[in-house]
There are 2 protein chains.
Amino acid sequence: MIVLDRKPTITDVAKLAGVSMKTVSRVINKEPNVRDELRDRVLKAADELGYQPNFSARSLAGVRSFQLAYLFGDPGGDYAHGVQIGILDACRDAGYHLVVEQIDVDAPDAAQRTATLVAQLRLDGVVLSPPITDHRGVLDALKRAGVPYVRIAPDEALDGSPYVQMDDAKAAEELTHYLVDLGHRDIGFIKGHPRHAAGRLRFEGFRRAMEARGLAVQPSLVEQGTFSYGSGIDCAWRLLRRRARPTAIFASNDDMAAAVAAVAHESGIEVPEDLTVVGFDDAPIAQVVWPPLTTVCQPIREMARAAADLLIGRAADKDRDSWPDPVPHRLLAHELRVRRSSAPPGERTVARARR
Amino acid sequence: MIVLDRKPTITDVAKLAGVSMKTVSRVINKEPNVRDELRDRVLKAADELGYQPNFSARSLAGVRSFQLAYLFGDPGGDYAHGVQIGILDACRDAGYHLVVEQIDVDAPDAAQRTATLVAQLRLDGVVLSPPITDHRGVLDALKRAGVPYVRIAPDEALDGSPYVQMDDAKAAEELTHYLVDLGHRDIGFIKGHPRHAAGRLRFEGFRRAMEARGLAVQPSLVEQGTFSYGSGIDCAWRLLRRRARPTAIFASNDDMAAAVAAVAHESGIEVPEDLTVVGFDDAPIAQVVWPPLTTVCQPIREMARAAADLLIGRAADKDRDSWPDPVPHRLLAHELRVRRSSAPPGERTVARARR
DNA sequence: CCCCATATTGATAGCGCTGCCAACGAGCCG
DNA sequence: CGGCTCGTTGGCAGCGCTATCAATATGGGG
């Protein structure tokens, strides 16, 4: 181990290894056409000096920056945090760094903020998650700047950019079939935020499954939520104080399902004895409320990882200035998680619902 | 608005404004000693071109990078997310960017990962939150690299670096006094992770308050948790199946308090009628369990903001290569949040506890 | 045995910006 | 009025790296 009075540069490594700077650069960047002997010498020299490339210089001089950015909207979310962890997994493996930025979807300057970000930082790619994944202005700013981006769980998939998603509709179908198989007929549904694709798709899956079983979706049992716990509380009250109360409630996410459980509890309705409650996402809250929620596990972390990997892979593929055709996308598998918030409807509750 | 066929550079702005690059640089960086007239001309030119400085070039050429990093350990946490939002608030205002990195405290390469990070990226500062805020190896790596850092809620405050915290002990004292004032005498306590300062301080505050009121801390009513929901479950079981059950339980954070509420519920013990449960932090979970938890609001976001502001302020203060004396630190105010999980002990429960 | 395609290596010119220092004028003191 | 400081502006080197292209070596076909 050799210690310099300053951070070692590529020049130091080159001198020590007795090769040119360019050869060192080739080795560091794993470029081909370097003899094994030289490669070893360079690697050894770099190791002895504890050399680490300077990312600012790299991105200034070259076409790659080894930097991704993650734009998220929701300042509160487990969701955003999960996505971030997934991206970081990918970055760690690829030697990338991650810059994060929080952008309020409803702020008028969302697009401007995005434009500024990509103008100041050379980025190899940007990952977007809902709700900004569907923000026109943000997408346009990215497109104009020529920065590749991948959308997670996008609304209109067809903006020509790659995306990563799970099959929300199919998962909702499966969950609904599960409820019907338990014996539920009068199933309440709490929709998600109208602007989120996931919300629409989950309802669509529910609708399809009900239809497939010859059951009607009763409009009076469908409430419009926004994915927030608070909206779940409101919807739950409306649903539970009907005289013909449903025997099961399908909430479009776990936050709202947790809210339903809370309202039920407060109303003296036992879950799952008097009411089955199911959620969606398998968020942390699902295992922390009483009873733990039956839900669908959304592979957030894996989706985010896949998104970042697409970006990193593309950046590695030099001299490409557009995505391959067809545009890459990934569909990740979900999984039904049956916990204690679901059970067959009791006699009592069926009678009440039928009344 | 003038459009070039490439991103405008400082040279473009200089030409348009009819001044030297250096003057543009001065204006962009808000340096003094530029005549107002020139400043206006430069600003106007920059605006017309839509000029944005290139951060890579800035950090390569200069001594500032306008970049902070946030190192966090816990991959699951609301806490880490809250801190991040606070840092982003500060960054947004100061025109900084934030790089994030997740480092497992227990991984043997934590220090190495930190060293690599700071060797690759020129950083104006690093924010640390528990538990890595107390990781010796990480702190040493930062010190060796000469990168300023601020610790949030540090354990041993005296490593000579600035820190931001709340008064955990005092808050715990207040919460305990509140419980005693309600009439509770037999109060169970669930400690936090032994390696976290916050855990120790909260217990210390509890102990002091009990002593001040002439009450004994019963060792049999003190359990060691780890801040996790799961550990809360275990501790709650142990506490609640004693024949002399406490009338109140003080959990060192909200996750564990939520666990206590869940166990109580499962055991047929009503909260708060049969058992008062209080937590700490005012995490999202506190308002999402039933009943909502009485807790102490920890100003995470503000603490993080303050930490980032210290770093940014120091970076702005050119040619300083160490912190001013005395080393800056901030103590932020907490607040008691009384919700529905706490009530005076009922006759029945007092009788049982006394038995 | 020569020529050209291919593999391997090096020299050099910047990338866009800031640090340093020189240049210049104005104001001030003695 | 000389010599000084201070405020203001510009010139230029160079941060650490990669892209480009030239230079050289290697090998096969004609």
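So that the names make sense, note that chain A is the first sequence line, chain B the second, and so on, each numbered from 1.
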Check your understanding: Is A:Thr23 near enough to C:dG10 that one of its side-chain N or O atoms lies under 4.0 angstrom from OP1 or OP2?
Key ->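 A:Thr23 to C:dG10 OP1/OP2: side-chain N or O found under 4.0 Å.
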Check your understanding: For D:dG10, does either OP1 or OP2 sit under 4.0 Å from a side-chain N or O belonging to B:Ser20?
Key ->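 It does, given that an N or O in the side chain of B:Ser20 lies less than 4.0 Å from OP1 or OP2 of D:dG10.
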Check your understanding: side chain to side chain contact (heavy atoms under 4.5 Å, CB included) between A:Val100 and A:Ile87: does it pass, once the steps are laid out?
Key -> CA-CA 11 Å; A:Val100 296; A:Ile87 300 173; over 6 Å; no
Roughly, in whole Å, what's the span from [atom1] in [X] to [atom2] in [N]?
X: A:Met21; N: D:dT18; atom1: CE; atom2: C1'; result: 8 Å
X: A:Asp12; N: D:dG16; atom1: CG; atom2: C1'; result: 10 Å
X: B:Leu60; N: D:dG14; atom1: CG; atom2: C1'; result: 9 Å
X: B:Arg122; N: C:dG16; atom1: CZ; atom2: P; result: 19 Å
X: B:Ile28; N: C:dC17; atom1: CD1; atom2: C1'; result: 11 Å
X: A:Glu31; N: C:dA7; atom1: CD; atom2: C1'; result: 14 Å
X: B:Ile10; N: C:dC17; atom1: CD1; atom2: P; result: 5 Å
X: B:Asn29; N: C:dG16; atom1: CG; atom2: P; result: 17 Å

Would the distance check show the side chain of [X] and the main-chain N or O of [Y] forming a donor-acceptor pair, the cut-off being under 3.5 Å?
X: B:Asp124; Y: B:Leu68; value: no
X: A:Asp134; Y: A:Pro154; value: no
X: B:Ser65; Y: B:Arg122; value: yes

Exercise for review: Determine whether any donor atom in the side chain of A:Lys22 lies under 3.5 Å from an acceptor atom in the base of D:dA19, or the reverse, and answer yes or no.
Suggested key: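 By the distance-only test, yes, there is a pair.
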Check your understanding: Do you know which two heavy atoms are closest between A:Ile300 and A:Gly82, and how far apart they sit?
Key ->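 For A:Ile300 and A:Gly82, the tightest heavy-atom pair comes out as CG2-C, 3.8 Å.
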Point to revise | Salt bridge flag under 4.0 Å for residues A:Asp12 and A:Arg6 | key: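 Counted as a salt bridge, because a side-chain N and a carboxylate O are separated by less than 4.0 Å.
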Practice item. Determine, for B:Asp159 against B:Arg151, whether the closest basic-nitrogen to carboxylate-oxygen distance falls under 4.0 angstrom. Key: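 Counted as a salt bridge, because a side-chain N and a carboxylate O are separated by less than 4.0 Å.
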Practice item. Tell me which of A:Ala57 and A:Arg26 sits closer to the 5' end of DNA chain C, going by the nucleotide each one is nearest to. Key: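 Of the two residues, A:Arg26 wins.
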Indicate, with a heavy-atom threshold strictly under 4.0 Å, whether [X] touches base, sugar-phosphate, or nothing.
X: A:Asn33; value: base
X: A:Tyr51; value: sugar-phosphate
X: A:Pro32; value: nothing

Review point. DNA chain D: A:Ser25 or B:Val19, which has the more 5' nearest nucleotide?
Key: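 The 5'-side residue here is B:Val19.
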Point to revise | Selection: residues 34-44 of chain B, any non-hydrogen atom under 4.0 Å of DNA chain D | key: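 B:Val34, B:Arg35, B:Leu38, in order of number.
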Check your understanding: Which of parallel (below 30°), tilted (30 to 60°) and perpendicular (above 60°) describes A:His81 and B:Phe72?
Key ->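 Rings of A:His81 and B:Phe72: tilted, 30 to 60°.
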Point to revise | Atom pair CD (B:Gln102) and CG (A:Leu88), whose distance is rounded to the nearest 0.5 Å | key: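 Rounded to the nearest 0.5 Å, the CD-CG separation comes out at 7.0 Å.
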Exercise for review: Take the C1' atoms of the five end pairs on each side of the helix from C:dC1-D:dG30 to C:dG30-D:dC1, derive the two axes, and give their angle rounded to 10 degrees.
Suggested key: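 Roughly 50° between the end axes, to the nearest 10°.
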